[in-house]
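Notes to accompany the following structure.
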Amino acid sequence: MNYTSEILYTHNKDEKIFGVMYKPSGENKKYPVCVLGHGFNGKKDEMKPYAEYLARHGICAYYIDFRGGCETSRSDGDTLKMSIVTEAEDFVCVVDEISKLDYIDENNIFLSGVSQGGIVTSVAAAKIPDKIRGIVPMYPGYMIPEMFRRQYPDRDAIGEKQFHFVMEIGRIYFEHAWAMDVYKEISAYEGPVLILCGDKDEFVSIEDCERAVAVYKNARLHVYPGQPHGFTGEYFTKSCEELTAFIKENCV
């Protein structure tokens, strides 16, 4: 199926969120949509291949740059003011705006994201459970809150900013992660959930994902053998196929 794409800005209060909407061509109808979120300091257009695949199979896809979510972000915002919570708020704002588009079926809005975007997917869905039809977190960073509690057993020792992995982030990132009871928080979402993760992931353990499945009411986990933190080759294709199939089987 052919598709079109266009840059479409949404907003979180007075700040712009850059996004690209992919829309199947040829029919005058309302489509299900999947909002896609990148990982920590995700490279430019990281989620574009997923958006293209979905659009080719009759599903709208909207991938965004989180505010301050990467050093090359095309959205407003500052990496020193970014956190899991602020990115989840971006998803919430995006859903509110795109649900008003005349070609979007507001009853069939899905979320998906990779790595940090995966935990953001889960946190955002728990904030607006009645608006989200289903979610697909991929190699989701559920371990982030506990990682920072171990790193900073004394919350007062957190500095104003710090270089973390590949970019500098601010105290708000650590504060929000430190305070988060992630498994309790995400359990507020009761819709269908599909978690995808590789068994050779160097950051996210299968146990992290299994713990999430246990707190959800309607979740399953698919483990990709030999895959690291990020899917490659046939398993990248498989993740596209599984995301698409999940959306189609859960549309109402």
Side-chain angles (χ1 to χ4, degrees), residues 1-12 15-39 42-67 69-70 72-77 87 89-115 117-118 120-121 124-125 128 131-138 192 194 196 230-252:
M1 181 179 290
N2 293 326
Y3 59 84
T4 60
S5 65
E6 66 169 330
I7 293 173
L8 178 66
Y9 283 93
T10 48
H11 305 81
N12 187 330
E15 292 191 321
K16 292 188 297 184
I17 301 171
F18 173 91
V20 183
M21 179 68 80
Y22 283 73
K23 178 179 176 290
S25 301
E27 294 185 67
N28 184 18
K29 58 179 279 190
K30 288 183 177 289
Y31 294 95
V33 65
C34 184
V35 184
L36 299 161
H38 60 77
K43 65 182 182 294
K44 183 178 178 180
D45 299 329
E46 180 177 21
M47 303 307 290
K48 180 178 178 179
Y50 285 106
E52 291 175 329
Y53 190 95
L54 289 168
R56 286 199 301 269
H57 290 82
I59 299 165
C60 278
Y62 183 55
Y63 73 84
I64 70 168
D65 286 1
F66 291 114
R67 292 173 305 129
C70 59
T72 58
S73 178
R74 293 157 291 187
S75 297
D76 292 339
E87 292 193 343
E89 290 169 351
D90 285 351
F91 259 174
V92 170
C93 292
V94 164
V95 167
D96 182 62
E97 286 199 37
I98 68 169
S99 65
K100 299 179 176 72
L101 296 172
D102 60 7
Y103 55 86
I104 294 299
D105 182 351
E106 64 180 3
N107 295 311
N108 287 305
I109 298 176
F110 295 79
L111 301 179
S112 184
V114 299
S115 192
V120 168
T121 291
I128 47 170
K131 294 184 178 181
I132 303 302
R133 183 65 196 137
I135 64 172
V136 183
M138 302 188 200
L194 172 63
L196 306 178
F231 304 140
T232 59
E234 66 178 291
Y235 286 103
F236 174 76
T237 302
K238 186 173 178 63
S239 69
C240 291
E241 293 169 347
E242 293 210 69
L243 172 61
T244 302
F246 174 86
I247 292 171
K248 289 187 174 183
E249 72 189 31
N250 285 291
C251 281
V252 293

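This one's a predicted model, so the numbers in the text were calculated from it and none came from an experiment.
Across F236, Y22, Y63, a single residue satisfies ring-ring contact (aromatic ring centres under 6.0 Å, His included) together with Y50, and that is F236.
Using modelled atom types, no side-chain atom of S75 and backbone atom of R67 make a donor-acceptor pair closer than 3.5 Å. Checked by atom type and distance alone, the side chain of K248 pairs as donor or acceptor with a backbone atom of H57 at under 3.5 Å. Without hydrogens or angle criteria, E97 side chain to H11 main chain gives a donor-acceptor distance under 3.5 Å. Looking only at distances, no side-chain donor or acceptor of K23 sits under 3.5 Å from a matching main-chain atom of Y3. With hydrogens and angles ignored, the 3.5 Å screen pairs no side-chain donor or acceptor of T121 with any backbone N or O of P137. Between the side chain of N108 and the backbone N or O of Y31, no donor-acceptor pair lies under 3.5 Å.
Atom CD1 of I17 is separated from atom CD of E87 by 10.5 Å, given to the nearest 0.5 angstrom. The SG atom of C251 lies 10.0 Å from the CG atom of N107; values are rounded to the nearest 0.5 Å. Remark: M138 CE to E242 CD distance equals 9.0 Å, nearest 0.5 Å. To the nearest 0.5 angstrom, D96 atom CG is 10.0 Å from T10 atom OG1. Remark: I109 CD1 to K131 NZ distance equals 8.0 Å, nearest 0.5 Å. Here the CD1 atom belonging to I104 is positioned 4.0 Å from the SG atom belonging to C60, to the nearest 0.5 angstrom.
For the pair K16 and D65, the salt-bridge criterion is not met [side-chain N within less than 4.0 Å of a carboxylate O].
The aromatic ring centres of F66 and H38 sit less than 6.0 Å apart. Checked against the 6.0 Å centroid threshold, Y62 and F110 do not count as a close aromatic pair.
Two residues are said to be in side-chain contact when any heavy atoms from C-beta on lie closer than 4.5 Å; K43 and C70 fail this criterion.
Using bins of under 30°, 30° to 60° and over 60° for the plane-to-plane angle, the ring pair F18/Y9 lands in the perpendicular bin.
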